[in-house]
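Written out below as C-alpha cells is the structure these notes cover.
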There are 2 protein chains.
Amino acid sequence: MRFYGYFRSSSAYRCRIAFNLKGLAPEVVTVNLRDKAHRDDAFLAMNPQGLVPVLDTGTARLTQSLAIIEWLDETQAGARLLPDDATARAEVRAFAQIIACEVHPLQNLRVLNYIKAHHGQDQDGAGAWCRHWIAEGLAACEAIAAAQDHRGAFAFGDRPGLADICLVPQMFSADRFGLATDAYPRLRAIRAACEALPAFAEAHPARQPDAQ
Amino acid sequence: MRFYGYFRSSSAYRCRIAFNLKGLAPEVVTVNLRDKAHRDDAFLAMNPQGLVPVLDTGTARLTQSLAIIEWLDETQAGARLLPDDATARAEVRAFAQIIACEVHPLQNLRVLNYIKAHHGQDQDGAGAWCRHWIAEGLAACEAIAAAQDHRGAFAFGDRPGLADICLVPQMFSADRFGLATDAYPRLRAIRAACEALPAFAEAHPARQPDAQ
C-alpha cells in the first residue's frame with residue numbers, strides 16, 4: 001500500500017492513527033499542500049478533488065479519510081476500529097461525522113484562502129472563524145461523550161476506534177487555532193488516553209518526516 | 001421509527017430517498033429550521049448538535065445522515081444502498097463524502113448566517129460562496145462519475161445507492177443557489193435517471209407536507 005498525505009492534514013493524521021492501530025506501515029508519499037503539489041496534474045489524475053489523503057491499495061486509489069479507514073477496518077487484520085453492533089457503529093460514525101463533515105471542512109486551507117481573498121478576512125478573522133466552528137463541534141462531541149455510560153477511557157469504550165481517531169486531530173487543530181479546550185473535560189481525558197498510546201503519539205504531525 | 005427532518009434540509013432529503021428505496025415509511029416530525037425549532041431544549045436534548053436529521057429507532061436516536069443511511073442498509077430489508085465489495089463500497093462512500101463533508105457543510109444555513117453576520121456578506125455574497133463550493137465539489141464528482149466504466153444509469157452501476165442519494169439533493173441545492181449544471185453532463189444524466197424513480201421523486205422537498 002502507498003499512502004499520499006501531508007504531515008499537517010487532519011485527515012491524513014486520522015489515517016496514520018488507523019494504520020498504526022492496525023499495525024500497518026504503508027509506503028508514505030508527501031504531497032506538500034503549501035507548495036500546491038495537490039494541484040499538480042499527476043496528483044489530480046489520481047484524485048480529481050485535489051485533496052489528500054489518497055491510499056493506493058495496489059488495485060484501487062481510495063480517497064476521503066473515513067472511507068479509507070472503514071476500508072482498512074473491513075479488509076485488514078488487527079484491532080477493530082468500529083463496533084460490531086449496528087447501532088453502536090452508527091453512533092461512532094455520527095460522532096466521527098460531526099468532526100469530519102461539520103467542523104474540519106470549515107477550517108480547511110482552501111476555505112481559509114477563500115475568506116481571506118473574498119471576505120477581506122485577515123489571519124485574526126480566519127482564526128476567529130476556525131475557533132467558532134471547532135468550538136461548536138467540540139461542544140456537541142463533549143455532550144455526546146459525557147453522556148456515555150461505559151467506564152472506558154475512550155470515546156465509546158475501553159478501546160480506541162474511529163471516534164477517537166477523528167477527535168485527536170481535531171483537538172490538535174483546536175490548539176493550532178488557539179481555542180482553549182477547558183470547556184471539554186471529557187474530550188480532554190479521551191485525548192490524554194489516546195496520546196498515551198504509541199499508535200496515536202507516532203501519528204502526530206510533529207513526528208512526521210515532512211514536518212516543517 | 002420516527003424521523004425528525006425538514007423539507008429543505010439536504011441531509012433529511014438524503015434520508016427520505018433512502019427510506020423510499022428501502023420501502024420504509026417512518027413517522028415524520030417536522031423541525032422547522034427557519035423558526036429555530038432545532039435550537040429548542042427538547043430537540044437539543046435529543047441531538048446536542050442541534051441539527052436535523054434524527055432517526056429515533058425505538059431504542060436509539062441516530063444522527064448524521066450518512067450514519068443513518070448506513071444503519072438502514074445494515075439493519076433493514078429492501079434494496080441494498082452500498083455495494084457488497086469492500087473496494088466498491090469505499091469508492092461509493094468517498095463519492096458521498098465529497099458531497100457530505102466538502103460541499104454541503106459550507107452551504108449550511110448556520111454558515112451562511114455567519115458570513116452575513118461576521119464577514120459583511122449580503123445575499124449575493126452568500127450565493128457566490130455557495131456556488132463556488134458546489135461547483136468545486138460537483139466538478140470532482142463529475143470526473144469520478146465520468147471515469148466509471150460500467151454502463152449503468154446511476155453513479156456506480158445499474159441501481160441507485162448512497163452516491164446517488166447524496167448527489168440528487170446536492171444538485172437540487174445547485175439549482176437553488178443559481179449554479180448552472182451544464183458543466184456536469186454525467187451528473188445531470190444520473191440525476192435524470194434518479195428522478196424518474198418514485199423513490200427519488202417522492203422525496204423531493206417540494207413534495208413534503210412542510211414545504212413552504
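Below, chain A is the first sequence line, B the second, and so on; all start at residue 1.
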Can you tell me which portion of [X] sits under 4.5 Å from chain B's heavy atoms? Options are side chain, backbone, both or neither.
{"X": "H132(A)", "result": "side chain"}
{"X": "T63(A)", "result": "both"}
{"X": "E74(A)", "result": "side chain"}
{"X": "I68(A)", "result": "neither"}

Is the number of heavy atoms from other residues, nucleotides or ligands within 6.0 Å of NZ (K36(A)) greater than 12?
->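 No, the 6.0 Å shell around NZ holds no more than 12 heavy atoms from other groups.
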D41(A) atom CG, over 12 foreign heavy atoms within 6.0 Å | no
Which one, V103(A), I98(A), T87(A), L62(A), leads in non-hydrogen pairs under 4.5 Å with chain B?
->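 Between V103(A), I98(A), T87(A), L62(A), the count favours I98(A).
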Highest number of heavy-atom pairs under 4.5 Å with chain B among T75(A), N108(A), L106(A) belongs to L106(A)
Looking only at R61(B), H104(B), E70(B), most heavy-atom pairs under 4.5 Å shared with chain A are made by E70(B)
Specify which of A128(B), G50(B), A60(B), A86(B) makes the most heavy-atom pairs with chain A at under 4.5 Å.
->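 Most heavy-atom pairs under 4.5 Å with chain A: A86(B).
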Heavy-atom pair with the smallest gap, counting every atom of W129(A) and I115(B) =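 Nearest pair, atom of W129(A) first, then I115(B): CZ3-CG2, 3.6 Å.
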Write down the atom of A94(A), the atom of A67(B), and the distance for their closest heavy-atom approach.
->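 Smallest heavy-atom distance, with atoms named: N-CB, 3.9 Å.
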Rounded distance (nearest 0.5 Å) linking atom CH2 of W133(B) with atom CZ of R110(A) =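 W133(B) CH2 to R110(A) CZ: 5.0 Å, rounded to 0.5 Å.
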Rounded distance (nearest 0.5 Å) linking atom CD of Q97(B) with atom OG of S65(A) = 7.0 Å
For chain A, which residues of residues 134-162 of chain B have at least one non-hydrogen atom nearer than 4.5 Å to it?
->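 Interface residues of residues 134-162 of chain B: E136(B), A140(B), A143(B), I144(B).
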Under 4.5 Å from any heavy atom of chain A - which part of E102(B) = both
What do the steps show when you test R93(A) against Q64(B) for side-chain contact (heavy atoms from CB on, under 4.5 Å), and what is the final call?
-> CA-CA 8 Å; R93(A) 284 179 178 144; Q64(B) 290 291 333; over 6 Å; no
